[in-house]
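Have a look at the structure below, then the notes.
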Amino acid sequence: MEMLRFATAGSVDDGKSTLIGRLLHDTKSIFSDQLEAVERTSAQRGDEYTNLALLTDGLRAEREQGITIDVAYRYFATPKRKFIVADTPGHIQYTRNMVTGASTANAALILVDARKGLVEQSRRHAFLASLLRVPHLVLCVNKMDLVDYDQGVFDAIATEFRHFAAKLDVGDLTVIPVSALAGDNVVGRSANLPWYEGSSLLHHLEELHIASDRNLIDARFPVQYVVRPQSSAHHDYRGYAGQVAGGVLKPGDDVVVLPSGLPSRIAAIETKDGPVAEAFPPMSVTIRLEDEIDVSRGDMVCRPHNQPAVSQDVEAMVCWLHEEPMRPGGKYAIKHTTRSARAMVKDLRYRLDVNTLHRDEGTAALALNEIGRLQLRVTAPLFTDPYRVNRTTGSFILVDEATNATVGAGMIL
Amino acid sequence: MTTTLYELGHLDALEAEAVHVLREVAAEFERPVLLFSGGKDSIVMLHLAEKAFWPGRIPFPVMHVDTGHNFPEVIEYRDRRVAEAGVQLIVASVQESIDKGRVREQKGPRASRNPLQTVTLLDAIEEHGFDAAFGGARRDEEKARAKERVFSFRDEFGQWDPKNQRPELWALYNGRHHRGEHIRVFPLSNWTELDIWQYIGREGIELPSIYFAHRRRLVLRDGMLLWPSDHVPLLEGEEPFEATVRYRTVGDTTCTGAVESAARTVDDIVEEVAATRITERGATRADDRASEAAMEDRKREGYF
């Protein structure tokens, strides 16, 4: 059974929590004690209906203030797939939360209220999903019951969204009319929407073709941990453990190790369960090389004729995640694959207005939830691919060296 | 021409992610420790740690925070399993915390040492200078846990601040901390109870016998099936009876209830879990029933 991760985004009151509640409920992933607790709390608060948002809003502060403050992860499964939902709040810290949820997602679900159509947030969410290179985008036009299941309303919203999405880098877009409250087109096809010929949301998520979303071409193996048992049984054993970040690795493959550039050949790919004939993302394996060369954590194993860029100068789109703004000249710790170093911001090329996609040049700082293009100088070379080619070797985080807070999320150009 | 699909099943994907997390901690921290209760989640975690560092040994010790109110089957399992893995076992004893006056024991028939564990755990982390502690908690267990990071920062008081968590993107974990602070690490964050059982079945992992259906003398108290013992004395009017039960979670005997079940094998349990309508904590843990935010409150103070 394959696993699919999706992020949900929506603005206030567009029914996102109800939709997730519906997916969990109709796939029998809500337990009766959870539902009872939600019903009890709903009744105490005087809600008119069982507030399924309470299923996902787990923290005391969220319940007290009636808002969602952080990404929540939810799980459900059908006989076809296991699903991990990153449920990101739409109003507070929307960029930081959506970027976090989208970073690992195969698909992004954006909700709009059929009565209101596209709002500023819908465009912003679509832009963030494309920035984070979420391979599949699904627009759910919700509350179709409140517009009498009118095809004209749906078509107008779908067309407007497609026009906007054409300006973005969206690989795969599907628009589905639903009513989360009534259950139309969420799990099963609805008789209320006879003019809609596509799949229900759940069926669409079950059938999404995600196998091709990984990069299986460019072999990238960041060395994470050197296994040296130094026991009598494995006296000379030296294995390089890590998670495959791209491509397919096989025993016998000619490789080079960066940064040394020394060539070798893969002697074996091993796990505790036995040798592996082919390793591909996201497998965690241990590689042995034929030659005794110096390899340590942070090094990168790749193929001689297909290597990542090796550079101390990095151009990237960075989303700022912290109240303390980013200013050119600032120094941060950087983590890229298994490599840690320090980075200085040489230049803030422009700030991107996420609503208009306008490039705002000559700005002095990047504030919380803002996105800009940065030039960084790193103390040690990084082995990078453009983020659009590989989300693992193309991403990094910036960390404040004094507070240790994660302050920036970077996507290499 | 071969037609490999290069697809990983969900258990393989979850395993790869957990192994990555275990290795990341071993590489970046000076003194990690794996919290091991002898419960199924910590057993799966130990199994994954063996895989992560094979053919080397697990490069950190394991620690049991021991309330003294144990199921004997679990302690027997713990000692055997730890010896087999060749790792050092540290036992942090709640009884010692009580003897030293660090905590005061609750009184009365419903007294539990569950809340006292937090002090014992934090004292042991400080005493041994641990900078990372692996826990087997899963996000599907409880709503406060649904928002917890894989790398969860704890301040010098061991506290968790749910409103001020570090954003966690891609598989880039930020483990940086100052002296005296530490990181709780949850490699099983994305596993569900059903995933755990399917994995136990697939891997043929041995478990303490109390996870499987057996006859046991029990008492019904506050809607839970408790096992009467020196630590769970009978209250007036309580009539113990025998039933066929198993445990869905393993914890302190004073607050862990059994569930009626005839499931004798892992396959039986997978089937039972797939059909069950009550969360494992809701069914069997008195400690979570205290209030809507019982878990969040305990976690803020430094609980597992």
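All values derive from a computational prediction rather than experimental measurement. Here is how names work: the chains are called A, B, and so on, in the same order as the sequence lines, proteins then strands, and each is numbered from 1.
Within the 4.5 angstrom heavy-atom criterion, atoms from both the backbone and the side chain of A:A241 approach chain B. Contacts of A:L4 with chain B are absent, with no heavy-atom separation under 4.5 Å from either backbone or side chain. Interface remark: A:S340 contributes side-chain atoms only to the contact with chain B (heavy atom separation under 4.5 Å). When heavy atoms are compared at a cutoff of 4.5 Å, A:R81 does not approach chain B at all. If you measure heavy-atom distances from B:R138 to chain A, you find no contacts under 4.5 Å at all. Within the 4.5 angstrom heavy-atom criterion, only backbone atoms of A:A402 (N, CA, C, O) approach chain B.
The most heavy-atom pairs under 4.5 Å with chain B, out of A:T338, A:T286, A:D273, A:V407, come from A:D273. Options B:E148, B:E15, B:E28, B:E17 differ in how many heavy-atom pairs under 4.5 Å they form with chain A, and the most are formed by B:E28. In terms of heavy-atom pairs under 4.5 angstrom with chain A, the leader among B:N164, B:L169, B:L11, B:V19 is B:L169. The most heavy-atom pairs under 4.5 Å with chain A, out of B:H177, B:E203, B:E181, come from B:H177. Counting heavy-atom pairs closer than 4.5 Å to chain B, the top-ranked of the candidates A:V244, A:T271, A:T104 is A:T271. Per-residue heavy-atom pair counts under 4.5 Å with chain B were compared for A:T100, A:V226, A:I84, and the maximum is reached by A:T100. Chain A forms the most heavy-atom pairs under 4.5 Å with one residue out of B:A16, B:A171, B:G56, and that residue is B:A16. Most heavy-atom pairs under 4.5 Å with chain B: of the set A:H234, A:R214, A:M283, A:K335, this distinction falls to A:K335. Per-residue counts of heavy-atom pairs under 4.5 Å with chain A were compared for B:A13, B:G9, B:P55; the largest is that of B:P55.
Using a distance-only test at 3.5 Å, with no hydrogens or angles considered, no donor-acceptor pair links the side chain of A:R5 to the main chain of A:A86.
Using a 4.5 Å heavy-atom cutoff, the side chains of A:L249 and A:V276 are not in contact.
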Residue pair A:H322, A:D400: steps toward the side-chain contact (heavy atoms from CB on, under 4.5 Å) verdict = CA-CA 10 Å; A:H322 204 261; A:D400 185 298; 6.0 Å; no
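In this structure, A:Y387 and B:W170 have perpendicular ring planes: the angle between them is above 60°, well past the 30° mark. Using bins of under 30°, 30° to 60° and over 60° for the plane-to-plane angle, the ring pair B:H20/B:Y173 lands in the tilted bin.
In this structure, B:R139 is positioned above the aromatic face of A:Y73, its NZ or CZ under 6.0 Å from the six-membered ring centre and within 45° of the axis. Under a cutoff of 6.0 Å and an axis angle of 45°, B:R202 and B:W191 do not form a cation-pi pair.
Between B:F53 and B:F60, the distance from one ring center to the other falls under 6.0 angstrom.
Using a cut-off of 4.0 Å between Lys/Arg side-chain N and Asp/Glu carboxylate O, A:E270 and A:R288 are scored as salt-bridged.
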